[in-house]
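Below is one structure, written out as structure tokens; the observations come after it.
Counting begins at 1 with the first residue of the sequence.
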Amino acid sequence: MNQPQHQHQHQHQPQGQPRARASAATLAAGPATTGRPARADAVRNRERIVSAAREAFAEAGPEASLNEIARRAGVGPGTLYRHFSGRPELLAAVLKERVDTLCARAQDLLSADSAGAALEEWLRAFLDHARVNQGLGGALMLEELEATGALGSDCHQRILDAAGALLTRAQDSGAARRDLSPADLLQLVVGIALSTTHKQASAAGDPEQPGRLLDLVLDATKPR
């Protein structure tokens with residue numbers, strides 16, 4: 001009788017370990033149900049949270065209420081925290097999504113007929129990106145955000161590479177001056193974004209100013 005009991009216990013011990021591992025994995029993949037994460041539901045929940053965060057951050061800046069973001073996403077705060085450890089990680093996800101869109105646009109424009117027009121179009125998109133994300137973009141400098149590993153310097157480099165590819169093509173076609181670097185060009189556009197997104201600037205009632213300033217930058221990029 002003792003031997004069957006020993007075998008019965010031995011058979012159930014390995015089963016506890018997979019369940020423990022599944023539970024740990026579920027913390028990252030989504031809410032636990034029967035030990036197996038509902039992957040489709042977890043993916044949808046994450047997408048809803050990022051979408052709601054994108055809207056909330058655009059409206060209220062990086063300090064937008066996480067509870068409000070969860071409410072907009074139609075999930076509980078616990079679900080939000082199962083997907084994102086905190087504000088920095090959620091902020092990183094929103095920024096990464098926006099950078100993905102910006103870089104995908106640059107890739108599409110590399111096949112445009114006019115290299116000069118492609119560079120101009122992307123720089124206008126980058127200006128919009130920088131102005132919308134001016135509060136979030138500042139958070140990129142926070143050590144706690146970089147510590148998540150979700151962004152680090154990767155997003156900066158991807159944007160720089162996108163600008164470099166479009167600028168090189170414009171230079172090769174004769175549409176842009178040869179002594180212009182991607183980093184300098186981006187810095188000029190970022191300067192426009194930072195100087196035109198303050199509350200004082202918006203209160204001045206000059207929504208056309210960012211475009212006019214960018215026109216000056218674009219004019220300066222052309223060969224003399």
Side-chain angles (χ1 to χ4, degrees), residues 15-108 122 124-156 158-159 162 193-194 196-199 202 207 210:
Q15 296 179 7
Q17 295 175 355
R19 278 197 294 270
R21 287 194 297 269
S23 176
T26 302
L27 293 176
T33 52
T34 60
R36 292 173 297 186
R39 297 185 183 277
D41 287 344
V43 170
R44 284 193 294 269
N45 283 342
R46 190 182 192 282
E47 290 174 348
R48 285 198 293 263
I49 292 169
V50 172
S51 178
R54 182 175 62 246
E55 296 175 359
F57 287 146
E59 294 172 6
E63 298 304 317
S65 166
L66 296 187
N67 285 339
E68 172 61 16
I69 291 172
R71 187 194 67 78
R72 291 189 185 196
V75 302
T79 299
L80 185 150
Y81 280 103
R82 277 194 291 272
H83 286 278
F84 302 98
S85 62
R87 184 182 305 277
E89 191 172 336
L90 181 55
L91 180 59
V94 171
L95 287 168
K96 183 177 184 301
E97 179 189 62
R98 288 173 170 169
V99 170
D100 287 345
T101 300
L102 186 66
C103 291
R105 184 59 185 145
Q107 187 63 38
D108 291 340
W122 188 80
R124 293 192 186 281
F126 176 66
L127 176 59
D128 290 341
H129 166 88
R131 296 188 76 238
V132 168
N133 297 314
Q134 56 94 16
L136 308 186
L140 280 170
M141 303 303 174
L142 295 177
E143 291 182 2
E144 62 176 338
L145 180 55
E146 295 178 350
T148 66
L151 283 177
S153 62
D154 179 63
C155 285
H156 294 289
R158 290 178 61 202
I159 292 175
L194 292 176
T196 59
T197 50
H198 297 303
K199 291 181 179 179
S202 61

Next on the checklist: Between Arg72 and Ser51 (side chain of the first, backbone of the second, donor and acceptor by atom type, cut-off under 3.5 Å), is there such a pair?
Outcome noted: no

Checklist entry - Nearest heavy-atom pair of Val50 and Val94: which atoms, and what distance? => result O-CG2, 3.9 Å

Next on the checklist: Can you give me the closest heavy-atom contact between Leu127 and Ala193, atom names plus distance?
Outcome noted: CD1-N, 3.9 Å

Item to check | Side chains of Thr101 and Arg98, donor plus acceptor under 3.5 Å | outcome: no

Checklist entry - Do other residues, nucleotides or ligands put more than 12 heavy atoms under 6.0 Å from the CD atom of Glu55? => result yes

Checklist entry - Closest approach of Ile69 and Ala52, non-hydrogen atoms and distance? => result O-CB, 3.6 Å

Item to check | Main-chain N/O of His83 paired with Arg46 side-chain donor or acceptor, under 3.5 Å | outcome: no

Item to check | Spacing of Leu102 atom CG and Leu95 atom CG [to the nearest 0.5 Å] | outcome: 12.0 Å

Checklist entry - CG of Leu80 to CD of Glu89: how many Å apart, nearest 0.5 Å? => result 10.0 Å

Checklist entry - Is Trp122 close to His129 at the side-chain level, that is, under 4.5 Å between some pair of heavy atoms? => result no

Checklist entry - What is the minimum heavy-atom distance between Leu91 and Phe57, and which atoms define it? => result CA-CE1, 4.0 Å

Item to check | Electrostatic pair Lys96:Asp100 at N-O distance under 4.0 angstrom | outcome: yes

Checklist outcome for this item: Smallest heavy-atom separation, Thr79 atom then Asn45 atom, equals CG2-ND2, 4.0 Å

Checklist entry - Between Pro62 and Arg87, which heavy-atom pair has the shortest distance, and what is it? => result O-NH1, 2.9 Å

Next on the checklist: One thing to verify: whether Arg44 and Glu47 come together as a salt bridge, which I'm taking to mean a side-chain N less than 4.0 angstrom from a carboxylate O.
Outcome noted: no

